[in-house]
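See below for the structure under consideration.
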Amino acid sequence: MTDFPIIRVVTKLLIPYILLFAFYVQFHGDYGPGGGFQAGVIFAAAIILYGLVFGLAAVKKVAPPIVIEKLMAAGVLVYAGTGIATIALGGKFLDYDVLEHHFLTEYHFPSGQHLGIFLVECGVGITVTAVMTMIFYTFAGRRQSP
Amino acid sequence: MMVIEFAILGMLVTTAVTIARMRDLWAAIMFTGIYSFLSASWMLLLDAPDVSFTEAAVGAGISTVLMLSTLSLTGKEEKKSKRFAPIPFLVVTVTGCALIYGTLDMPPMGDPNDPIHLHPDPGFVERSQTDMHGMPNVVTAILASYRGYDTLGETTVVLTAGIAVLLILRRGKEEHVEAEL
């Protein structure tokens with residue numbers, strides 16, 4: 001798409017804000033609307049937009065497929081690993097209360113429930129971003145290899 | 001407020017009928033994108049901004065891109081079927097009538113005595129403030145904490161779907177993928 005300088009410039013201007021919004025939805029999900037699924041698809045939408053405008057080779061340099069493949073499973077591992085960690089700390093599976101540490105409470109350092117929800121939402125966000133990006137790669141890559 | 005709601009619902013119906021009658025697949029995909037945007041607005045009016053985010057990003061964004069890239073692998077026109085098919089027509093009509101009949105039993109929207117506000121456990125809303133140490137978003141609390149197993153399952157479903165797409169679409173061109181990496 002080298003013939004459309006306006007689209008390229010506007011895309012480059014917009015992508016940081018889309019990524020920022022994705023992070024906002026991810027990390028502010030405890031307070032505002034949002035969470036891992038929403039943040040994941042918004043993040044993936046930014047990557048896909050980059051791929052649409054600058055081409056598959058460029059986006060594969062930014063987000064290499066081999067990394068994205070690993071991240072697909074890593075997100076689920078983060079989620080399930082949080083559950084295993086709570087078992088290891090003496091609670092039940094995904095029982096976030098055992099993550100409670102009463103550490104710097106006067107600075108509103110996250111409580112056990114906050115920390116647990118934060119970790120599992122991160123896992124969800126990673127998996128959703130990776131899966132959406134990977135599906136785009138496989139669809140868009142097919143066109144190039146007849 | 002009612003004006004906006006009726007306008008959006010009316011446009012949703014119009015878009016749906018237009019898509020169903022359309023033969024040009026490229027235009028149909030654009031219209032499904034419009035439909036998703038209208039659904040996102042509708043979700044926003046129903047006070048579900050997180051669902052609205054998802055609809056706008058997945059429905060209007062990613063799935064439109066995926067459908068367009070599918071279109072580049074296939075044709076742009078839907079084949080015209082001249083034959084009138086009575087059995088599918090009957091099935092669609094009966095299902096549609098059953099769905100409309102089902103809406104008659106739906107409780108009025110926003111009624112505090114709706115089953116969803118009474119049945120599962122209103123305690124979620126009351127308890128979450130103390131259980132979550134003041135985390136204000138009850139939706140996140142229910143999804144990630146009270147029903148953490150569900151969400152783990154959903155995440156696994158997303159992973160499984162991704163693996164399935166990789167397995168189906170990558171078949172027979174492994175050497176090409178290796179070369180690109």
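Lettering of chains follows the sequences in order, A, B, ..., and the numbering in each one begins at 1.
Listed options B:A161, B:G162, B:A141 were ranked by heavy-atom pairs under 4.5 angstrom with chain A; first place goes to B:G162. Taking B:L159, B:T140, B:T70, B:V51 one by one and counting their heavy-atom pairs under 4.5 Å with chain A, the maximum is reached by B:L159. For the set A:I135, A:V128, A:T82, A:L49, the count of heavy-atom pairs under 4.5 angstrom toward chain B peaks at A:I135. With chain A as partner, the option from B:I163, B:V58, B:T54, B:L152 having the largest number of non-hydrogen pairs under 4.5 angstrom is B:L152.
Considering only heavy atoms from C-beta on, B:V65 stays 4.5 Å or farther from A:F139 through its side chain. Looking only at side-chain heavy atoms (C-beta outward), B:V165 and A:M134 stay at 4.5 Å or farther from each other.
For A:I6, the CD1 atom counts as loosely surrounded, since its 6.0 Å shell holds 12 or fewer non-hydrogen atoms of other residues, nucleotides or ligands. Annotation for A:Y17: atom OH does not count as buried by contact number, only 12 or fewer foreign heavy atoms lying within 6.0 Å. Other residues, nucleotides and ligands contribute more than 12 heavy atoms inside 6.0 Å of the CG atom of A:L13. For OH of B:Y101, the number of neighbouring non-hydrogen atoms (other residues, nucleotides, ligands) closer than 6.0 Å is 12 at most.
Residue A:Y137: no heavy atom, backbone or side chain, is found under 4.5 Å from chain B. Looking at B:S52, there are no atoms closer than 4.5 Å to chain A (heavy atoms on both sides), in backbone or side chain. The contact between A:M72 and chain B is made by backbone and side chain atoms together, counting heavy-atom distances below 4.5 Å.
Residues B:V17 and B:F89 do not share a hydrophobic cluster, defined by chaining ILVMFWY side chains whose heavy atoms lie under 4.5 Å apart. In the hydrophobic cluster analysis, where Ile, Leu, Val, Met, Phe, Trp and Tyr join through side-chain heavy atoms closer than 4.5 angstrom, A:I15 is grouped together with A:Y24. Under a hydrophobic-cluster definition in which Ile, Leu, Val, Met, Phe, Trp and Tyr are linked whenever side-chain heavy atoms come within less than 4.5 Å, directly or via other members, A:I126 and A:L20 are assigned to different clusters. Side-chain heavy atoms closer than 4.5 Å link hydrophobic residues (I, L, V, M, F, W, Y) into clusters, and following such links, possibly through other members, connects B:L9 to B:L45. Linking Ile, Leu, Val, Met, Phe, Trp and Tyr residues whenever their side-chain heavy atoms come within less than 4.5 Å leaves B:F37 and B:I34 in two separate clusters.
B:S145 and A:I117 get closest at one heavy-atom pair: CB-CD1, 4.0 Å. Between A:F136 and B:L66, the shortest heavy-atom contact is CA-CD2, 3.9 Å. For the residue pair B:A144 and A:V120, the shortest heavy atom distance occurs at CB-CG2, 3.9 Å.
Of the residues listed (B:T160, B:T156, B:V158), the one engaging A:V76 in a side-chain contact (heavy atoms from CB on, under 4.5 Å) is B:T156, and it is the only one.
Side chain of B:Y149 to backbone of A:L94: no donor-acceptor contact under 3.5 angstrom is found.
Heavy-atom neighbours of chain B within the stretch residues 37-48 of chain A, taken at a separation under 4.5 angstrom, comprise A:F37, A:Q38, A:V41, A:I42, A:A44, A:A45, A:I48.
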